[in-house]
Amino acid sequence: MQIHLFEPATADGDSPSATINLLHKDGAATYFPKVFDPKSCLSLFNGLRTALNWQQDQLFMFGKLITTKREVAWVGDAGCSYTYSGVKKFPQAWTPELLHIKHTAEGLANHTFNSCLLNLYHDGDQGMGWHSDDEVELKQSAPIASVSFGGERKFSFKHKFEKLGASVVLENGSVLVMHAPTQNFWQHSLTKTKRVVLPRINLTFRAIRQEQQ
Ligand SMILES: O=C(O)CCC(=O)C(=O)O
Ligand SMILES: [Mn+2]
């Protein structure tokens with residue numbers, strides 16, 4: 001399928017902290033560059049790397065349990081378990097650093113979050129295939145806020161029903177907020193690359209439905 005890559009739908013000025021909406025229809029994905037300064041990014045990256053319990057991700061693909069090289073950590077309020085790619089995950093407790101990042105993400109998304117999935121990509125050979133964050137546990141009307149620390153990586157959207165696409169380079173210290181109903185109409189992926197890239201930690205802050213807790 002041919003993908004039409006279009007210009008950002010809106011750009012809010014041209015200052016370094018300008019926000020950009022990447023999608024023209026059926027949702028909104030707002031990109032905020034340079035939310036965290038490079039010094040804070042480095043210290044948050046190292047803090048998250050050491051404070052959390054990271055595990056290689058396990059997911060069901062074509063009926064088989066696959067162990068990825070990418071590492072993950074699932075953090076949330078007590079009772080926020082989450083089934084992702086057929087595997088149920090139980091949350092670790094919030095750390096002070098994570099609560100600080102969550103607070104910033106909540107301000108940009110204008111919504112509170114009770115959980116966070118963290119992915120650690122060691123190099124460009126590790127990525128994430130096309131998917132939507134549409135698990136049943138997630139509150140449908142809530143946004144998802146994606147925070148990036150470390151190596152820059154290309155993040156793409158493709159529309160589920162039309163030949164439309166968009167992409168953005170997720171920079172160190174950036175936040176991408178995907179608003180409802182983006183997950184119903186669009187898939188996203190993190191492209192693998194042969195370029196040498198620094199390790200990267202991505203955090204997706206999510207709102208799990210209260211009645212599931
Ligand atoms: O690493 C990224 O930027 C994407 C992560 C993602 O899509 C997810 O955790 O669902
Ligand atoms: Mn996702």
Side-chain angles (χ1 to χ4, degrees), residues 20 22-23 27-33 35-36 41 44-45 48-49 52 54-61 66 68-76 80 82-87 89 91-92 98 101-102 105 108-109 113-140 142-160 165-193 197-208:
I20 296 169
L22 298 158
L23 308 177
T30 313
Y31 182 64
F32 301 87
V35 174
F36 299 89
C41 289
L44 289 167
F45 182 102
L48 294 169
R49 184 77 183 102
L52 295 177
W54 293 90
Q55 292 187 336
Q56 285 176 307
D57 200 13
Q58 291 200 308
L59 42 100
F60 275 105
M61 264 168 82
I66 309 272
T68 65
K69 290 186 201 149
R70 171 167 52 85
E71 290 179 75
V72 292
W74 172 245
V75 176
C80 276
Y82 186 44
T83 303
Y84 166 76
S85 293
V87 179
K89 303 192 191 297
Q92 302 176 45
L98 265 174
I101 304 165
K102 177 164 102 80
L108 295 174
F113 298 111
N114 56 13
S115 53
C116 181
L117 177 65
L118 294 98
N119 283 285
L120 168 61
Y121 306 86
H122 299 89
D123 55 39
D125 204 34
Q126 297 170 16
M128 201 178 284
W130 290 109
H131 69 282
S132 303
D133 296 333
D134 56 1
E135 287 79 9
V136 285
E137 296 96 331
L138 294 174
K139 190 174 149 192
Q140 291 294 306
I144 291 176
S146 165
V147 180
S148 296
F149 297 125
E152 293 182 0
R153 297 292 297 267
K154 183 178 169 189
F155 183 89
S156 302
F157 286 96
K158 75 174 177 189
H159 198 282
K160 292 186 191 177
S167 63
V168 63
V169 174
L170 296 179
E171 297 155 300
N172 188 27
S174 68
V175 180
L176 178 73
V177 181
M178 295 181 273
H179 290 277
T182 300
Q183 307 300 329
N184 297 339
F185 290 94
W186 298 85
Q187 290 190 317
H188 54 265
S189 69
L190 190 82
T191 317
K192 291 184 182 178
T193 174
V197 287
L198 292 171
R200 167 174 182 267
I201 291 178
N202 173 258
L203 306 87
T204 42
F205 289 93
R206 299 155 189 250
I208 298 259

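Below, all heavy atoms of this structure are taken into account, side chains as well, without hydrogens, waters or symmetry copies. All ligand and atom numbering here is 1-based and tracks the order in the structure. Just so it is clear, the model here is predicted, and its values are computed rather than measured.
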(message) Under 4.0 Å, heavy-atom basis, I'd like to know which part of Arg206 is in contact with ligand 1: side chain, backbone, both or neither.
(response) side chain
(request) Using a strict cut-off of 4.0 Å, indicate which atoms of ligand 1 neighbour a heavy atom of Leu170. (result) 3 (O)
(request) Take the angle between the ring planes of His159 and Trp186 and call it parallel below 30°, perpendicular above 60°, tilted in between. (result) perpendicular
(request) Using a strict cut-off of 4.0 Å, indicate which atoms of ligand 1 neighbour a heavy atom of Leu117. (result) 9 (O)
(message) Within ligand 1, which atoms have a heavy atom of Asp133 less than 4.0 Å away?
(response) 10 (O)
(request) Verify the distance criterion only: is there a donor paired with an acceptor across the side chains of Lys158 and Ser189 at less than 3.5 Å? (result) no
(request) Find the distance between CD1 (Ile144) and OG1 (Thr182) and round it off to the nearest 0.5 Å. (result) 9.0 Å
(request) Mark up the atoms of ligand 1 that fall under 4.0 Å of a heavy atom belonging to Tyr121, in ascending order. (result) 1 (O), 2 (C), 4 (C), 5 (C)
(message) Within the 4.0 Å heavy-atom shell around Arg200, which atoms of ligand 1 are there?
(response) 1 (O), 2 (C), 3 (O)
(message) Does the Lys NZ or Arg CZ of Arg153 fall within the cation-pi geometry relative to Tyr121 - under 6.0 Å from the ring centre and within 45° of the axis?
(response) yes
(message) So if I count the atoms of ligand 1 from 1 in the order they appear, which ones are less than 4.0 Å from some heavy atom of His188?
(response) 7 (O)
(message) Can you tell me which residue among Asn202, Leu120, Leu118, Ile101 is in a side-chain contact (heavy atoms from CB on, under 4.5 Å) with Phe149?
(response) Ile101
(message) Under 4.0 Å, heavy-atom basis, I'd like to know which part of Arg153 is in contact with ligand 1: side chain, backbone, both or neither.
(response) neither
(message) Need the atom name: nearest N/O/S atom of His188 to the Mn ion (ligand 2).
(response) NE2
(request) Give the numbers and elements of all ligand 1 atoms closer than 4.0 Å to a heavy atom of Phe155. (result) 3 (O), 4 (C)
(request) Taking only heavy atoms of Thr204 into account, list the atoms of ligand 1 that are under 4.0 Å away from them. (result) 9 (O)
(request) Just to the nearest 10 degrees, tell me the angle at the Mn ion (ligand 2) spanned by Asp133 OD1 and His131 NE2. (result) 90°
(request) State plainly whether the residues Lys192 and Asp125 are in salt-bridge range, i.e. N to O under 4.0 Å. (result) no
(request) Looking only at non-hydrogen atoms, find the nearest pair between Tyr31 and Leu170 and report the distance. (result) CE1-CD2, 3.7 Å
(message) Any carboxylate oxygen within less than 4.0 angstrom of a Lys/Arg side-chain nitrogen, looking at Arg200 and Glu171?
(response) no
